[in-house]
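Below you'll find the structure, written out as structure tokens, and then a few comments.
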There are 2 protein chains.
Amino acid sequence: MARIQFDKEKVLESATNAFWRLGYTATSMHTLVEQTGLKPGSIYLAFGNKEGLFRESLDYYAHQSLDNLEATLAQYNSVEEALPDIFMSFIEESCQSEYCSCFLVKSQLELTDQQTELRDHVSQQLRRVESLYFESFLKNNTESEARAKATSVMLHIFGIRVYGYHSNSKEQLIDALRLGLPWLSWKAEH
Amino acid sequence: MARIQFDKEKVLESATNAFWRLGYTATSMHTLVEQTGLKPGSIYLAFGNKEGLFRESLDYYAHQSLDNLEATLAQYNSVEEALPDIFMSFIEESCQSEYCSCFLVKSQLELTDQQTELRDHVSQQLRRVESLYFESFLKNNTESEARAKATSVMLHIFGIRVYGYHSNSKEQLIDALRLGLPWLSWKAEH
DNA sequence: CAAATTATTGAGTGATCATTCAAAAAGACT
DNA sequence: AGTCTTTTTGAATGATCACTCAATAATTTG
């Protein structure tokens with residue numbers, strides 16, 4: 001079968017899904033073979049090993065997230081107007097029954113010092129998100145204001161990614177976000 | 001050897017340490033046998049199984065954390081004065097090389113729907129922390145203010161527990177906390 | 001001081017883990 | 001068409017997984 005290959009996009013999507021739900025360690029090759037439809041040998045030829053498939057899954061997820069964030073920001077006049085809607089969608093997400101936080105956040109916390117390379121990879125992707133917010137804030141803020149606001153936004157995003165895992169109280173989260181991020185352009189209906 | 005037993009406190013401390021660093025799935029019974037000094041049979045007699053030891057480790061950690069928090073709050077006139085120091089110690093913690101976030105937060109994110117019992121257990125412990133803050137805020141705030149402030153504090157704590165895993169910039173975190181929690185009694189030296 | 005009770009030991013269990021590889025299959029190239 | 005190159009296959013590998021249990025040791029009880 002020289003040349004013809006499986007659909008890498010679909011394989012990464014299902015692998016990402018498995019790793020996201022179960023975590024890196026708890027996802028067995030058996031599960032990955034089941035979910036991707038690939039045979040063990042094919043996975044090892046294409047990705048080297050389980051860690052290789054995990055790394056590509058992380059990249060796939062991060063790339064999608066950043067693209068999605070950029071597209072969302074482009075729809076608004078300012079990041080201050082975009083963020084309330086972004087946070088609302090995060091809260092909605094967290095109320096769904098099959099919610100499993102953010103793949104990057106979960107991976108960041110699962111990986112140990114023995115997996116430095118992978119962990120740094122995740123850190124880098126998370127920093128990219130913060131950089132995107134930072135750059136956006138620079139339009140209407142001084143550099144130090146923009147930096148503090150970007151970090152504060154990240155803290156709140158991380159907070160929701162954890163908080164949403166054990167609580168379903170939408171109003172409580174919205175009130176807390178309005179309290180912690182009063183400088184955002186919250187609208188009445190939020 | 002009827003009656004005489006191993007030091008449960010020490011066993012739980014080392015088990016907690018292993019689970020905290022490596023996570024539930026990645027901590028093998030072999031590691032636990034090594035770290036606790038107990039033989040497999042003793043662990044199974046005392047804790048039933050790996051999950052039992054994990055649950056008791058979670059309780060051990062949560063109990064310590066809550067005791068510690070209560071003791072800290074007692075040293076201050078108000079929770080608003082205590083929190084800046086508490087947050088500063090969280091930030092200091094997160095800058096240490098062997099930092100591995102908060103055991104409860106990590107566990108919360110690792111556990112899946114298949115481990116509902118364990119996950120609910122962790123959620124309950126986290127809610128206890130929030131309740132403690134809520135009760136403290138009630139002294140100087142209306143109920144709805146106190147609730148929003150307690151949730152906001154939890155979001156920031158969770159945020160640091162994740163953020164601290166990939167960044168070492170103390171100043172940046174402090175600026176973000178001052179921005180997100182301006183109603184706390186921050187002192188000049190913070 | 002026996003007898004009964006309970007804790008400890010650690011080799012051993014089958015299951016599952018990540019990974020390999022020789023054989024077969026499917027284009028590509030000449 | 002025939003050869004070459006690359007992909008797919010899936011059974012097999014040894015390692016490690018959580019867990020068990022019969023034998024042993026320590027302490028309490030009568």
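FYI, side chains are in, hydrogens and waters are out, and symmetry mates aren't considered; it's all heavy atoms of this structure. These figures come from a predicted structure and were not determined experimentally. In the text below, chain A, chain B and the rest are named by the order of the sequence lines, each starting its count at 1.
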Separation of B:Y44 atom OH from C:dT8 atom C1', in whole Å?
16 Å

B:E117/B:R55 ion pair, N-O < 4.0 Å
yes

State which of C:dT8, C:dC17, D:dT20 makes the closest approach to the side chain of B:F6.
C:dT8

Atom-to-atom span, NZ of B:K50 to C1' of D:dT16 - whole angstrom:
12 Å

Members other than A:F134 in its cluster, when Ile, Leu, Val, Met, Phe, Trp, Tyr link by side-chain heavy atoms under 4.5 Å?
A:L138

For C:dT8, does OP1 or OP2 lie under 4.0 Å from any side-chain N or O of B:K39?
no

Categorize B:S28 for me: base, sugar-phosphate, or nothing, with a 4.0 angstrom heavy-atom threshold over every strand shown.
sugar-phosphate

Consider the side chain of B:P40, meaning its heavy atoms from C-beta on, and name the nucleotide among C:dT8, D:dT8, C:dG10 that approaches it most closely.
C:dG10

Does either side chain, that of B:E145 or that of B:N140, offer a donor lying less than 3.5 Å from an acceptor on the other one?
no

Rounded to whole Å, how long is the line connecting atom CE of B:M29 with atom P of C:dT16?
18 Å

If I take atom CZ in residue B:F47 and atom P in nucleotide C:dT8, what distance separates them, rounded to the nearest angstrom?
11 Å

Give me the other members of the hydrophobic cluster that B:L22 sits in, counting Ile, Leu, Val, Met, Phe, Trp and Tyr linked by side-chain heavy atoms under 4.5 Å, directly or via other members.
none

Using whole Å, what does the distance between atom C1' of nucleotide C:dT20 and atom CD1 of A:I43 come to?
14 Å

May I have the distance from B:L45 (atom CG) to D:dA23 (atom P), rounded to whole angstrom?
18 Å

Base, sugar-phosphate alone, or nothing: which one does B:T27 contact when heavy atoms must sit under 4.0 Å apart?
sugar-phosphate

Near DNA chain D, counting only heavy atoms under 4.0 Å, which residues of residues 108-115 of chain B show up?
none

Within the side chain of B:S14, is there an N or O that forms a donor-acceptor pair under 3.5 Å with the backbone of B:V11?
yes

May I have the distance from A:H30 (atom NE2) to D:dA15 (atom P), rounded to whole angstrom?
22 Å

Nearest-angstrom distance from the residue atom CG of B:L32 to C1' of D:dC19
13 Å

In Å and rounded to the nearest 0.5 Å, what is the OG1 to CD distance from A:T151 to A:E130?
4.0 Å

Parallel, tilted or perpendicular: which fits the ring planes of B:F54 and B:F103, with parallel below 30° and perpendicular above 60°?
perpendicular

Residue B:S42, side-chain heavy atoms: nucleotide from D:dT9, C:dT19, C:dT9 that is nearest:
C:dT9

